[in-house]
Colleague: 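Let me begin by handing over the structure; questions about it come next.
Keep in mind it's a predicted model, so treat the numbers as computed, not measured.
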Amino acid sequence: MTKTIFKVLSIMGMFIISILAFTIPKDPYVIIPAMSVASFDKPLWFAIIVSCGFLYLSVLWYIYEEVSKKIA
């Protein structure tokens, strides 16, 4: 039961992050230059979705692990 709840939370959270990545910045299509040759130039909305999504899913995974330890 808790696994499905956390799956729904992860999908809803990523959906909200995706919407906010386009609505919060004044110009979400501005290109962020690459920091190294191995990287690539990316739009601001992509950087927001990847970085905030990673943080959100990491925190959610940690909370899920702690809850599953307490239940078991």
Colleague: I49 and I17: which non-hydrogen atoms are nearest, and at how many Å?
Modeller: CA-CG2, 4.2 Å

Colleague: List in chain and number order the residues that pass ring pair (Phe, Tyr, Trp, His ring centres under 6.0 Å) with F6, two or more places apart in sequence or in another chain; answer none if no residue qualifies.
Modeller: Y64

Colleague: Out of curiosity, T4 OG1 to L9 CG, how far, rounded to the nearest 0.5 Å?
Modeller: 9.5 Å

Colleague: Are F22 and V50 connected into the same hydrophobic cluster when the rule is that any two of I, L, V, M, F, W, Y join if their side-chain heavy atoms are below 4.5 Å apart?
Modeller: yes

Colleague: At what distance, to the nearest 0.5 angstrom, does CG of L20 lie from CH2 of W45?
Modeller: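 Reported to 0.5 Å precision, the distance equals 15.0 Å.
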
Colleague: Nearest 0.5 Å, please: how far is CD in E66 from NZ in K70?
Modeller: 7.0 Å

Colleague: Can you get from M14 to I63 by hopping between Ile, Leu, Val, Met, Phe, Trp and Tyr side chains that sit under 4.5 Å apart?
Modeller: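 Both belong to a single hydrophobic cluster.
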
Colleague: Tell me who clusters with I19, hydrophobic residues only, linked when side chains sit under 4.5 Å apart either directly or through other members.
Modeller: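 Its cluster partners, ordered by chain and number, are F15.
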
Colleague: Mind checking the CG-SG spacing from L57 to C52? Nearest 0.5 Å is all I need.
Modeller: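 The CG atom of L57 sits 11.0 Å away from the SG atom of C52.
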
Colleague: Can you name the closest pair of heavy atoms from I31 and D41 and give their distance?
Modeller: CG2-CB, 3.6 Å

Colleague: Is Y56 linked to I48 within one hydrophobic cluster, defined over Ile, Leu, Val, Met, Phe, Trp and Tyr using a side-chain heavy-atom separation of less than 4.5 Å?
Modeller: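 Result: no, two separate clusters.
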
Colleague: Could you state whether V67 and V59 fall into the same hydrophobic cluster, counting links through intermediate Ile, Leu, Val, Met, Phe, Trp or Tyr residues with side-chain heavy atoms under 4.5 angstrom apart?
Modeller: yes

Colleague: If hydrophobic clusters are built from ILVMFWY residues whose side chains come within less than 4.5 Å, do V8 and M1 share one?
Modeller: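 Per the 4.5 Å side-chain linkage, V8 and M1 are not co-clustered.
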
Colleague: Could you pull out the closest heavy-atom pair between K42 and F40, with the gap in Å?
Modeller: NZ-O, 3.2 Å

Colleague: Please name the pair of heavy atoms, one in P28 and one in A21, separated by the smallest distance, quoted to 0.1 Å.
Modeller: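 So the two residues come closest at CB-O, 3.7 Å.
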
